[in-house]
Amino acid sequence: MKTLIKISWRNIWRNRSRTIVIITAIILGLMGGIFSAAMRLAMEQQQFEDTIDNQVSHIQIHHPEFIANPEAQYRIPGGNEIAKELKEREDITVASPRMVTDGMISSANMNSGVRIKGVDPVIESKTTGLDQLIVDGEYFTAEGRIPSILIGRALANDLNAGVGSRLVLTFQDIEGEMISSSFRVEGLYKITARRFEERTVFVKSSVINELIGEENAVTEIAIFLEEPDNYRSISRDISEIYPETKVRHWADLEPSLYYSLEVLNESLIWILIIIIMAVSFGLLNTILMSILERVRELGVLLAIGMKRARVFSMIVIETTIISIIGGATGLVLSWIMINILGNTGVNIPGGEGLEEFGYASVLYPRIETSFYFEIAVVIVIFAILASIYPAWKAIRLQPAEAVRQE
Amino acid sequence: MKTVIKTTDLSKVYTETAVPVHALKNVNIEFKEGEFTAIVGPSGSGKTTFLNVIGGLDKPTGGHVVIDGVDIATMKESKLFDFRMRHIGFVFQAYNLIPVLTAIENVSFIMLLQNRPKAEMENRAKEMLEQVGLSDKLDVRPSKLSGGQQQRVAVARALASKPDFVLADEPTANLDTESAFNLLDIMAKLNKEENITLIFSTHDHRVIERARRVITLVDGAVASDEHFERAER
């Protein structure tokens, strides 16, 4: 085996430039494939994190009727107690009770339909990190006569409002009666999803509860989990404990996101497999050319008694060595590239348009380490597959004829 | 003297062509140990086919080739590889050394396939290269050697594993006169010293003049089989 490896190693460097070209092709193919996969993954991951962290959380609990009619009359009976009980569980990190209702927001010359989220500022900062999203103004620190409201940057633009502007919220109380109240914009928040910015406003739950006429009203409990992957089993569990509520996990709340992540995970490895397949055909061609160039030499090896299995192994080893050099170099360079770009970020030209759809204009590509190992296995498998045809051609040679080839 | 090869009614017909070609017709020859034989004849007379068949590189369509008591004409291909490696040495017209191996690695190669101990292999390869006058070229690759030198390495390779006989297909055809004589001297010396049976196919009168037995093939059949007494050079 040692001799076979030695001969194979020397053989691949006989035509140095050709070997370098195919190794370069493997390296560039891998880098291109991994970069595009990492960017795609970063895009989806960022959208996932934004959606979960800032918008839907892992699990939400509502009154069953609230789903169709998000109004104050559909409150969760004993919502605060349920939230407290859930917080005691070890598998739940945060359970944030909210008073959520749909309503209308009006400035002096514009109005818009919004979802009003009445939150406990302290709990909400732990839940969604809302305080970290403020880009202008403050996070519920004002103590004035007019209560505070936090609105999205996009909504502020639509309403032609800013920090300090006075806006009116109109919504239903617990009896279904319309009520209106004036709020002062204390801060503007920014998240990637523009639509969320346009449609969601935050006020203190104590303020909105007073307005709707019930001190401890809760229409929504947002839950974050210790182990996010267990969202299905935990949500089933909660549902059994509180059968009078409607418990939904993020995959129910954002099915398009769930399916796009599922498809993405499957598609990334296939994209790379297709790239590696394309490169493997180049490798096959290179090895085949080298076989055709040394028909006489292979004939001699067969004539002097080298068994066909050994000749076959020699060709497979040659192909594998090339793929290992190209593959390992490509993976290491890709790892370095992804690590650098993962820190510096990649600006997407025209990225602001993407924000309309909830994507960031700067992406931080990243790939799980296990993904590199998976690709390494795929490369070796395809290299061996690519070597089979040339190796088969080599062992089909008839030594008596091959030794006389010009 | 011991019989090394015996062919009985050996025939070979190529049927791939429109008209079948009878390359060998009932050839009956015996080669004794230590013989120095030239197979001669015009182009197409069957010299190369004969060498291929007795060398186990090609199968006859009829007859027998018995080497060391074994009929290789009926031997399975997988066994033939091993048989060739252990019993037969080959020297080709175009040298056919392995370009990525040095002279000593080329000479050691068959012994390596035979799994001989490393020290034995190295000593024997050095000894053979010394015998062919290339002890200063041990670590040189074929591309850095002249044609004559490459053919001497090929002879050393063929003889290093001490085969029962060596088949040389026009070994001097690509060599100038000086290199050809030099090679023949070496082969004659090894034939005598190592008592190895040498069988050449050749057109080269320089080889024919040195051979102690000359077999002439015409149209695939033995036209003459002559023995000569040669003076030592």
Side-chain angles (χ1 to χ4, degrees), chain A residues 1-19 286-287 289-319 321-322 325 391-392 394-406, chain B residues 12 14 16 23 48-59 77-102 105-115 118 121 141-143 154 157-158 160-161 163 166-167 169-170 173 201:
Chain A
M1 185 52 106
K2 200 173 148 193
T3 311
L4 274 185
I5 294 172
K6 185 162 87 176
I7 295 175
S8 302
W9 173 256
R10 290 183 189 174
N11 275 336
I12 64 173
W13 297 111
R14 283 160 77 159
N15 193 328
R16 196 174 289 266
S17 52
R18 190 167 61 198
T19 302
T286 301
I287 298 295
M289 277 169 71
S290 90
I291 299 294
L292 296 176
E293 281 172 5
R294 50 195 170 118
V295 165
R296 195 167 67 189
E297 186 185 320
L298 292 166
V300 172
L301 292 176
L302 293 168
I304 63 177
M306 192 166 176
K307 290 190 175 139
R308 293 195 193 276
R310 276 191 166 181
V311 173
F312 191 93
S313 303
M314 186 177 78
I315 307 299
V316 172
I317 292 170
E318 284 176 27
T319 319
I321 291 175
I322 292 176
I325 296 172
W392 182 79
I395 62 166
R396 299 307 302 158
L397 292 171
Q398 292 306 314
E401 292 165 19
V403 292
R404 284 181 182 78
Q405 286 258 337
E406 289 301 319
Chain B
K12 174 74 180 176
Y14 290 106
E16 294 86 0
T48 299
T49 303
F50 180 68
L51 249 56
N52 285 343
V53 170
I54 64 170
L57 296 176
D58 209 349
K59 288 271 184 190
E77 201 203 31
S78 55
K79 289 199 171 169
L80 259 179
F81 274 90
D82 206 49
F83 191 87
R84 284 202 299 265
M85 181 176 71
R86 297 191 187 281
H87 296 271
I88 311 169
F90 291 93
V91 178
F92 303 98
Q93 180 180 336
Y95 329 134
N96 290 354
L97 297 174
I98 301 165
V100 295
L101 299 182
T102 62
E105 286 169 341
N106 263 290
V107 176
S108 307
F109 193 72
I110 297 170
M111 293 185 282
L112 195 76
L113 295 177
Q114 294 173 342
N115 294 321
K118 196 178 173 195
M121 238 164 34
R141 289 201 190 180
S143 57
R157 175 177 69 183
S161 59
V166 171
L167 298 174
D169 187 12
E170 310 230 15
S201 78

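Computed from a predicted model, the values in this text were never measured in an experiment. All chains are named by letter (A, B, ...) in the order of the sequence lines, taking the proteins before the strands, and each is independently numbered beginning at 1.
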(request) Measure B:N52 against the heavy atoms of chain A and call it side chain, backbone, both or neither at under 4.5 Å. (result) side chain
(message) Report which part of B:I110 has an atom under 4.5 Å of a heavy atom belonging to chain A: side chain, backbone, both, or neither.
(response) side chain
(request) Starting from the C-alpha separation in whole Å, work towards a yes-or-no answer on side chain to side chain contact (heavy atoms under 4.5 Å, CB included) for A:W13 and B:V100. (result) CA-CA 9 Å; A:W13 297 111; B:V100 295; over 6 Å; no
(request) Starting at CG of B:L57, measure out to CD1 of A:I304 and round the result to the nearest 0.5 Å. (result) 11.0 Å
(request) Quick one: closest heavy-atom pair of A:G305 and B:L113, and the distance? (result) C-CD1, 4.1 Å
(message) If I measure from the heavy atoms of chain A, does B:Q93 come under 4.5 Å with its side chain, its backbone, both, or neither?
(response) neither
(message) Tell me if a side-chain donor or acceptor on B:R84 pairs with a main-chain N or O of A:L302 at a distance below 3.5 Å.
(response) yes
(request) Before giving the answer on side chain to side chain contact (heavy atoms under 4.5 Å, CB included), spell out for A:K307 and B:D82 the whole-Å C-alpha distance, their side-chain angles and the decisive distance to 0.1 Å. (result) CA-CA 8 Å; A:K307 290 190 175 139; B:D82 206 49; 4.0 Å; yes
(message) Please find the pair of heavy atoms, one from B:T102 and one from A:R10, that lie closest to each other, and give the distance.
(response) N-NH1, 4.2 Å
(request) Could you tell me whether the side chain of B:F90 reaches within less than 4.5 Å of the side chain of A:V300, counting heavy atoms only? (result) no
(request) Select, from B:P99, B:G55, B:G89, B:S161, the one with the greatest count of heavy-atom pairs under 4.5 Å involving chain A. (result) B:P99
(request) To the nearest 0.5 Å, tell me how far A:L298 CG sits from B:I98 CD1. (result) 9.5 Å
(message) Does any backbone or side-chain atom of B:R86 lie under 4.5 Å from a heavy atom of chain A? Answer side chain, backbone, both or neither.
(response) neither
(request) Write down the atom of B:F81, the atom of A:R308, and the distance for their closest heavy-atom approach. (result) CZ-CG, 3.5 Å
(request) Please look at B:E105 and chain A and tell me whether the side chain, the backbone, both or neither of the residue comes under 4.5 angstrom of a heavy atom of that chain. (result) side chain
(request) Below 4.5 Å from any heavy atom of chain A, which atoms of B:F83 appear? Answer side chain, backbone, both or neither. (result) neither
(request) Among the options B:D169, B:D58, B:L51, B:T49, pick out the one with the most heavy-atom pairs lying under 4.5 Å from chain A. (result) B:D169
